[in-house]
Colleague: 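Before I ask anything, here is the structure I am working with.
Residue indices begin at 1 and follow the sequence shown.
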Amino acid sequence: MSGAAGRITAKNPIVEMDGDEMTRVVWAMVKELLITPFVDVKLEYYDGTVFRKPILVHNVPPMVRSWVKPIVIGRHAYGDMYKSAEMRIRQPGKVELVFIPADGSAPQRALIHDFTQPGIVRGVHNLDPSIRSFAKACIAYALSEKMDLWFSGKDTIAKIYHGAFREIFRQETEARKADLEAAGITYTYLLIDDAVARAVRSPGGFLWACMNYDGDVMSDMVASGFGSLGLMTSVLVSPAGKFEYEAAHGTVTKHYRQHQKGEPTSTNSTATIFAWTGALAKRGELDETPELIRLAKLIERSVIETIESGTMTKDLASIADPRPAGFASTRGFLEAIADKLHAKIENGAVAR
């Protein structure tokens, strides 16, 4: 279905969740040059975890040479240290973990530490329904991508806390055992240190489910190992079938300060573009709009072809093989992609 000026019409809205600083600037450029000229879509805007998957480009080889297939990090985006309570201890005394039941029955207590000198303490928590939702989402993603599934923790030390994660993952993978076996997918539980060692030696090609902090750290490690945070996609998938696409990197504060001063920048927009294309392709899939899916794939192909032709931003130019003679500006990179996309559109690629 075509809308105004021959643009492809998305049947239903896409939620647009803006970022901060340089990511906001790049987001606007991507929308201006690659999205709104070709798609008539209602955007519901919010100024507002997660599956993170690297984008593979032939002339940007992984730093970890054994990695030939993507490693996807599934991060549980609830609880742990991100919803913790902390306290500075400045005098001797006991710190206890206390649970006060709502029904008025006797409290439960556990001694954390008997302090005889200054120190620090933190309390963390999680919820069984959230852990179960995370496990179900990981299983659904592994099935959709046909990838083996790992989950890592440290239940040898945190027998109750990490043990709960391990047990819930066991229950959920057991419940979907037939589906996993039919898809040729294996599930493996690993201690976190063993998982790190295996991941570095592996060829890739698996989904690594991590607790919140582990996922925060490992997603950056995997992104760097594959070349750049700018080549890392991020999607939140809920068990209810809701999807949120985003760039995996931060707000690129240094570049934003340069942009504010009117200075040229060379910010890699690849992950931001793939956030748009992921959302457009999923919208097309849900709405049965094949031309929208084809357009999303054309945009992605235009990005990869632009980089592989030697036009790339500074972060990629420094690690590319062969090294390009120079690097493109933030807007110059996007304009080069737009040129390739326009050529494909004019050749009727969306209609095929």
Colleague: I need the I8 CD1 to L295 CG distance, nearest 0.5 Å.
Modeller: 4.5 Å
Colleague: Determine, using the 4.5 Å side-chain heavy-atom cutoff (strictly less than), whether F327 and V57 are members of one ILVMFWY cluster.
Modeller: no
Colleague: Does the pair D194/R198 count as a salt bridge with the N-to-O cut at 4.0 Å?
Modeller: yes
Colleague: Kindly give the heavy-atom pair with the smallest separation between L292 and A10, and that separation in Å.
Modeller: CD2-CB, 3.9 Å
Colleague: Is the closest basic N to carboxylate O distance between R331 and E335 below 4.0 Å?
Modeller: yes
Colleague: Over all heavy atoms of both residues, which pair between L33 and L334 is shortest? Give the atoms and the distance, please.
Modeller: CD1-CB, 3.6 Å
Colleague: When you look at NZ of K314, are more than 12 heavy atoms from neighbouring residues, nucleotides or ligands closer to it than 6.0 Å?
Modeller: no
Colleague: Please confirm whether F38 and H342 have ring centers closer than 6.0 angstrom.
Modeller: yes
Colleague: I want to check something: taking the side chain as every heavy atom from C-beta on, are T36 and V41 in contact at a cut-off of under 4.5 Å?
Modeller: no
Colleague: When you compare the side chain of F274 with that of E300, does any pair of heavy atoms fall below 4.5 Å?
Modeller: yes
Colleague: As an exercise, state the distance from OG1 of T289 to CD1 of I293, rounded to the nearest 0.5 Å.
Modeller: 7.5 Å
Colleague: For a 4.5 angstrom cut-off between non-hydrogen side-chain atoms, does K254 reach R257?
Modeller: no
Colleague: Is there a donor-acceptor pair under 3.5 Å between the side chain of R52 and the backbone N or O of G74?
Modeller: no
Colleague: Under a 4.0 Å threshold between the charged nitrogen and the carboxylate oxygen, would R75 count as salt-bridged to D214?
Modeller: no
Colleague: Going by heavy atoms in the side chains, are V196 and W208 under 4.5 Å from each other?
Modeller: yes
Colleague: Do T233 and T270 have side-chain heavy atoms sitting under 4.5 Å apart?
Modeller: no
Colleague: Taking all atoms of both residues into account, what is the closest heavy-atom pair of I71 and P54, and its distance?
Modeller: O-CD, 3.2 Å
Colleague: Identify, with sequence neighbours excluded, every residue that meets side-chain hydrogen bond (donor to acceptor under 3.5 Å, both in side chains) alongside S329.
Modeller: none
Colleague: Would the distance check show the side chain of E308 and the main-chain N or O of H58 forming a donor-acceptor pair, the cut-off being under 3.5 Å?
Modeller: yes
Colleague: Run the side chain to side chain donor-acceptor pair (under 3.5 Å) check on T265 and T330 step by step: do they pass?
Modeller: CA-CA 6 Å; T265 60; T330 303; 2.6 Å; yes
Colleague: Would D80 and N126 count as having a side-chain donor-acceptor pair, cut-off 3.5 Å?
Modeller: yes
Colleague: Would E291 and R7 pass as an ion pair if we require N to O under 4.0 Å?
Modeller: no
Colleague: Considering only heavy atoms from C-beta outward, does the side chain of D193 approach that of K154 to under 4.5 Å?
Modeller: yes
Colleague: With a 3.5 Å cut-off and no angle check, do the side chains of T306 and T311 form a donor-acceptor pair?
Modeller: no
Colleague: Please list all pairs passing the salt bridge (charged side-chain N to carboxylate O under 4.0 Å, His left out) test where one or both residues lie in residues 104-121, with sequence neighbours left out.
Modeller: E96-R109
Colleague: What's the spacing between E181 CD and T186 OG1 if we round to 0.5 Å?
Modeller: 10.5 Å
Colleague: Quick one, R283 and N12 - any side-chain contact, counting heavy atoms below 4.5 Å?
Modeller: yes
Colleague: Please tell me whether V222 and V68 are part of a single hydrophobic cluster in this structure, the criterion being side-chain heavy atoms less than 4.5 Å apart.
Modeller: no
Colleague: Is the shortest side-chain N to carboxylate O distance from K11 to D287 below 4.0 Å?
Modeller: no
Colleague: Surrounding CD of E263 (heavy atoms of other residues, nucleotides or ligands, distance under 6.0 Å), is the total greater than 12?
Modeller: yes
Colleague: Any side-chain heavy atom of W67 within less than 4.5 Å of one from P203?
Modeller: no
Colleague: For the aromatic rings, using the six-membered ring if either is Trp, is the centroid distance between H76 and Y82 under 6.0 Å?
Modeller: no
Colleague: For the residue pair W276 and Y245, is the inter-centroid distance of their aromatic rings smaller than 6.0 Å?
Modeller: no
Colleague: Once you round to the nearest 0.5 Å, how far does CZ of R132 lie from CD of Q171?
Modeller: 4.5 Å
Colleague: Taking N59 for its side chain and D321 for its backbone only, find out whether a donor-acceptor pair lies under 3.5 Å.
Modeller: no
Colleague: Is there a chain of hydrophobic side chains (I, L, V, M, F, W, Y, each step under 4.5 Å between heavy atoms) that links M221 to M232?
Modeller: yes
Colleague: Verify the neighbour count for atom CG of L111: are there more than 12 heavy atoms of other residues, nucleotides or ligands below 6.0 Å?
Modeller: yes
Colleague: Compare every heavy atom of K83 with every heavy atom of H125, then report the nearest pair and how far apart it is.
Modeller: ND1-O, 3.6 Å
Colleague: Is it true that L180 and V72 fall in one hydrophobic cluster, defined by side-chain heavy atoms closer than 4.5 Å?
Modeller: yes
Colleague: Kindly indicate, with the supporting measurements, whether the criterion side chain to side chain contact (heavy atoms under 4.5 Å, CB included) is fulfilled by L316 and S228.
Modeller: CA-CA 7 Å; L316 299 182; S228 170; 3.9 Å; yes
Colleague: Might you work through the side chain to side chain contact (heavy atoms under 4.5 Å, CB included) test for L280 and V39, ending with a clear yes or no?
Modeller: CA-CA 9 Å; L280 290 172; V39 184; 4.2 Å; yes
Colleague: What is the distance from atom CD of E305 to atom CG of L341, rounded to the nearest 0.5 Å?
Modeller: 10.5 Å
Colleague: Who pairs with Y141 by ring-ring contact (aromatic ring centres under 6.0 Å, His included), at least two apart in sequence or on another chain?
Modeller: F51
Colleague: Checking K31 side chain against A28 main chain: does a donor-acceptor pair fall under 3.5 Å?
Modeller: no
Colleague: On a heavy-atom basis, which atom in M312 and which in A320 lie closest, and how many Å separate them?
Modeller: SD-CB, 3.7 Å
Colleague: Parallel under 30°, tilted from 30 to 60°, perpendicular over 60°: which one fits the rings of W150 and F206?
Modeller: parallel
Colleague: Under 4.5 Å between side-chain heavy atoms, hopping through other hydrophobics if needed: is there a path connecting I112 to M87?
Modeller: yes
Colleague: Could you walk me through whether D155 and L191 pass the side chain to side chain contact (heavy atoms under 4.5 Å, CB included) test, one step at a time?
Modeller: CA-CA 8 Å; D155 64 315; L191 293 175; 3.6 Å; yes
Colleague: Using side chain to side chain contact (heavy atoms under 4.5 Å, CB included), reason through L149 and C138 one step at a time and then give a plain yes or no.
Modeller: CA-CA 8 Å; L149 173 61; C138 288; 4.1 Å; yes
Colleague: Can a donor-acceptor pair be found, under 3.5 Å and without considering hydrogens, that links the side chain of S105 to the backbone of P101?
Modeller: no
Colleague: Using modelled atom types and a 3.5 Å cut-off, is there a donor and acceptor pairing between side-chain atoms of S130 and backbone atoms of L127?
Modeller: no
Colleague: Quick one: closest heavy-atom pair of G310 and P324, and the distance?
Modeller: O-CB, 3.6 Å
Colleague: In Å, rounded to the nearest 0.5 Å, how long is the span from CD1 of I185 to CG of D148?
Modeller: 7.0 Å
Colleague: Are F134 and F169, when compared by the centres of their aromatic rings, separated by less than 6.0 Å?
Modeller: yes
